[in-house]
Each structure stands twice: as structure tokens, then as C-alpha cells.
Protein chains: 2
Amino acid sequence: MIRIVIAEDQALVLGAIASLLALEPDLEIVGRAADGPQALELVRGLQPDILLSDIEMPGLTGIEVAARLKDCGVPTRVLIVTTFGRAGYLRRAIDAGVCGYLLKDSPADRLADAIRRVAAGGRVIDPELASVAAFAPADPLSDRERAVLRLAQDGRSNKEIGRAMALSPGTVRNYLSEAAAKLGAANRIEASRIARENGWL
Amino acid sequence: MIRIVIAEDQALVLGAIASLLALEPDLEIVGRAADGPQALELVRGLQPDILLSDIEMPGLTGIEVAARLKDCGVPTRVLIVTTFGRAGYLRRAIDAGVCGYLLKDSPADRLADAIRRVAAGGRVIDPELASVAAFAPADPLSDRERAVLRLAQDGRSNKEIGRAMALSPGTVRNYLSEAAAKLGAANRIEASRIARENGWL
DNA sequence: AAGCGCAGGTGACAAATGTCACCCCAAGGC
DNA sequence: GCCTTGGGGTGACATTTGTCACCTGCGCTT
């Protein structure tokens, strides 16, 4: 019997996935979490075989939860199921030690299968994503550029960004200009869009 | 027996919801669609009692599908289930003649209930959303402002936007300035973010 | 010690953006 | 006829961005 905790912030989807997995006789759902911190606590307490988690969740992302579990030496294996085919997330997920990465676009019957494979010690990556990831460019941004871009994307000016990061406005401009150049964007708006679409923010 | 077509672009979620509804003896899933046009065609052909649909889908949004069904006089009642609590969508959904609007955040057991109520001729609006919507400001943007903002948000310059819309760059500037003023934003980036967050784009 | 790389900064300049006042003209009231 | 209204536009101006060359100080090799 494979013991599973599910973490997913949309209650309806959480319930639906649970009912899907309940059809499988060898899988048992032992816990449900609606956000990151709750997932972490639940896994620590229940020590399930598998944590099935979304990425976008309040508090902590699924990837961050995976990283913390790894740090604490919890043996639970993490399987990420998420919306975004963003190649950038995959790399970070792997770095965080997840054992599987599925897309919500993949057919439902693949899920139980993936869980069994991961529980048996294997690694699963969505085939659709695997090929994309192989060709996907690596994140070209430095930490500073990422941070600046994150602030720029919701409309802050250079001066405000500088204030927030303890940098001079001129330096902020340089970072943004550099980031745009790296991403082939014409301006900060396009740059942050590109970065966001690739999961680099 | 209530006959249902489900439209949802994420296969895994689609499958999961189907398995959830399959537990209810009085509900029957007669069709599944992965995008807007497919949903439209399926509903036209099968004439189910209910179309359960997401909003964001390739091709046509759930709301657009609902509007077309209304125009064609198809008697199927539409129930929207979606991620975004954006109040702006609700208004447009109601205008398109949908009979129900649920959030994916609401508990799973509410779904079957909502379907029965809608099938019986009732209207259902997620209670969480209903109160929000009552206080939500109406969309202050004109069609032109919306269109300009949509182009601005992915980094096009005034000149490019003007070319795309057959307007002079100066006029584009005026529209954007006006839109920003209406939304209390300092610039086009913030303006489009605010509009997006409210479901006005 | 000399040299290198790198984060942060400056200054100057062109271009894009934001703001505002005001113009034109085609519908529609009356 | 006259007046209003609204979409589209212009011109002028201040401010903000984007680009680029170059400076500074610090830590690190060798």
C-alpha cells in the first residue's frame, strides 16, 4: 500500500484528484494540504511514501517544500504535478530533489502509474516536458537581474526599485538593460514577460 | 439522469473531475472537451443538460462558448468552474447567459450540488464570489483602452500599438495615460497589471 | 605587487513615455 | 440652424527609459 499526501491549493481539484486516486486499490491518501506550510507539516508528521504536490501554493511553493524535506532528511519522495510547462521550473525542481514532474495536461491515467514508479524508487519526468527541457535555454539571468525584473514587472520605476534594493537608480537601469539584452527584449515589460513565461522569475 | 459535457483543457483535471462526478448516481458524463471549439461542437451535437466548463481554454473561452450557445438557442445550461476569483469575469459570464459560476477553490462536494441546482433551472453563484462581486468596482475601461492595454502589456511600444490598431502613436499615448489615471496607476505596466488582476483584460 | 574579474556606480545622450491643453469633425439632440 | 458629445488627433513639455562608455573599490590569483 502506497501512502500519499496531496498538496493542492484549489480545493475542487484536490478533491477531484483524491477521488481519482481512490479508485486505485494500492494507493491510500493519508493527508491533504491546501498550502505549502501545511504540506510540510503534514509530511513531517505522517511520513508518507509520496507527496503529490502542485507548484503554485500560498506560503511555500511545492519546490520549496521539496527542498526543505530534503534538508531535513525526510525520506518522502516528492512528485510535482503542475500547470506550467515552464522549463525553468523543471530545472529548479530537480535541484530541489523531486523524484517526478508531471504536467496537468497529461492524461489522467498516467498519474497513478507515475506514483507507483516514483514509490518504487524511480524517477518520472513528463515525456512532453523532457524533450522541451533538453532544448530549453538555461536561465541566463543573474540573481540581481532577476530581483530587479521582479520589481519592474509590477510597475515600479527605477528610483523605487533602487530604493527597495539599496541600489542607485542608474545601476537598476543598467541591470534592466542588461537583462533585456540577454533575453532579446526591447524593454523591461517584454523582458519580464519572457522571464515569467520561462519560469525564471 | 442529468447529462453533462465537461470542458477543461488540463487533461488531468478533466479526468479527475469526471471521476469525482462518476460517484454520483444521478449524473452522467456524456462528453469531454479539451478546448473551446470542441466544447461547442460537442454540446451542439449531444444537447446535454449541462455544460461544465473552465474559462481559460484554447480557441474559445468558456464564456465565449456560453455566449454562442445562447445565440444559437441551444437549451444546454452552462456552469462555469474556474480558477480566478476575478470579479470582472463574473459580470461578463452573467452577460453571456451562464447559469452558474463556481470557483475551483470551493470544496469538491459543492460541485455535484451546484450541477443539480442548475439542472433544475436554478442559478448558482459561488457565495465567496457573490459578496466580493457586490462590492467590486465596475470595469472603468472603454473598449479602446482595453485593447491598447492588452497590447501594451506584452511590451509593444506606442508606435507598434498604433500600427496594430490603425491609430496614431499620440492617440495611443492618450489612451494609455487615461487608462492609467482611471486605474490609479503610475504607468502602463501597473495599469495593465491592475486590469489583469481584476479580470478586465 | 601586479593584474584580473566583478559588483556597483556615474554621466551623457537618444528615445520612449506620461501629461495636458487644445483642435477637428461627425453624430445626434433641441 | 446651434450646441453638445465623443472619438481621434496634434504639439509641447517634463520625466523616465534604454544604451554605452568608462570609473571605482574589493577580493582573488599568480
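Convention: sequence-line order gives letters A, B, ...; per-chain numbering from 1.
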Would you list the atom pairs, donor with acceptor, under 3.5 Å between side chains in residues 59-68 of chain A and any protein atom, with sequence neighbours excluded?
residue, atom, partner, partner atom, Å
A:T61, OG1, A:I63, N, 3.4
A:T61, OG1, A:E64, N, 3.1
A:E64, OE1, A:T61, N, 2.9

Only distances under 3.5 Å count here; give the side-chain donor-acceptor pairs of residues 181-192 of chain A to other protein atoms, sequence neighbours excluded, each with its distance to 0.1 Å.
residue, atom, partner, partner atom, Å
A:K182, NZ, A:P140, O, 3.1
A:K182, NZ, A:E145, OE1, 3.0
A:K182, NZ, A:E145, OE2, 3.2
A:N187, OD1, A:I189, N, 3.1
A:N187, OD1, A:E190, N, 3.0
A:N187, ND2, B:G155, O, 2.8
A:R188, NH1, A:N158, OD1, 3.3
A:R188, NH2, A:N158, OD1, 2.7
A:E190, OE1, A:A186, N, 3.0
A:S192, OG, A:R188, O, 3.0
A:S192, OG, A:I189, O, 3.1

Which atom pairs, donor and acceptor, lie under 3.5 Å between side-chain atoms of residues 70-78 of chain B and protein residues at least two apart or in another chain?
residue, atom, partner, partner atom, Å
B:K70, NZ, B:D95, O, 3.1
B:T76, OG1, B:P48, O, 2.7
B:R77, NE, B:V118, O, 2.8
B:R77, NH2, B:G121, O, 3.1

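Under the side chain to side chain contact (heavy atoms under 4.5 Å, CB included) criterion, B:P127 pairs with B:R110, not counting sequence neighbours. In terms of the side chain to side chain contact (heavy atoms under 4.5 Å, CB included) criterion, residue partners of A:S168 (sequence neighbours excluded) are, by chain and number, A:T171. Contacts of B:A16 classified as side chain to side chain contact (heavy atoms under 4.5 Å, CB included), with partners at least two apart in sequence or in another chain: A:A16, A:I17, A:L20. Under the side chain to side chain contact (heavy atoms under 4.5 Å, CB included) criterion, A:R123 pairs with no residue, sequence neighbours left out.
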Next on the checklist: Strictly under 4.0 angstrom, non-hydrogen atoms only: write out the protein contact profile of nucleotides 22-28 of chain C, one letter per nucleotide from the 5' end, B, S or -.
Outcome noted: -------
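A donor-acceptor distance shorter than 3.5 angstrom exists from the side chain of A:E8 to the backbone of A:Q10, with no hydrogens or angles considered.
Terminal axes of the helix from C:dA1-D:dT30 to C:dC30-D:dG1 (five pairs each, C1' rotation axis) are separated by 20°, to the nearest 10°.
Counting only residues at least two apart or on different chains, no salt bridge (charged side-chain N to carboxylate O under 4.0 Å, His left out) pair has a member in residues 27-45 of chain B.
C:dA15 atom P lies 16 Å from atom CZ of A:R173, rounded to whole Å.
Looking at residues 176-189 of chain B, you'll see B:S177, B:N187, B:R188 sit with a heavy atom under 4.0 Å from some atom of DNA chain C.
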Taking N or O atoms only and anything under 3.5 Å, show me the protein contacts with nucleotides 5-8 of chain C, one pair per line.
residue, atom, partner, partner atom, Å
C:dG8, OP1, A:R144, NH1, 2.6
C:dG8, OP2, A:R144, NH1, 2.8
C:dG8, OP2, A:Y175, OH, 2.5

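A salt bridge links B:K104 with B:D54: at least one charged nitrogen is closer than 4.0 Å to a carboxylate oxygen.
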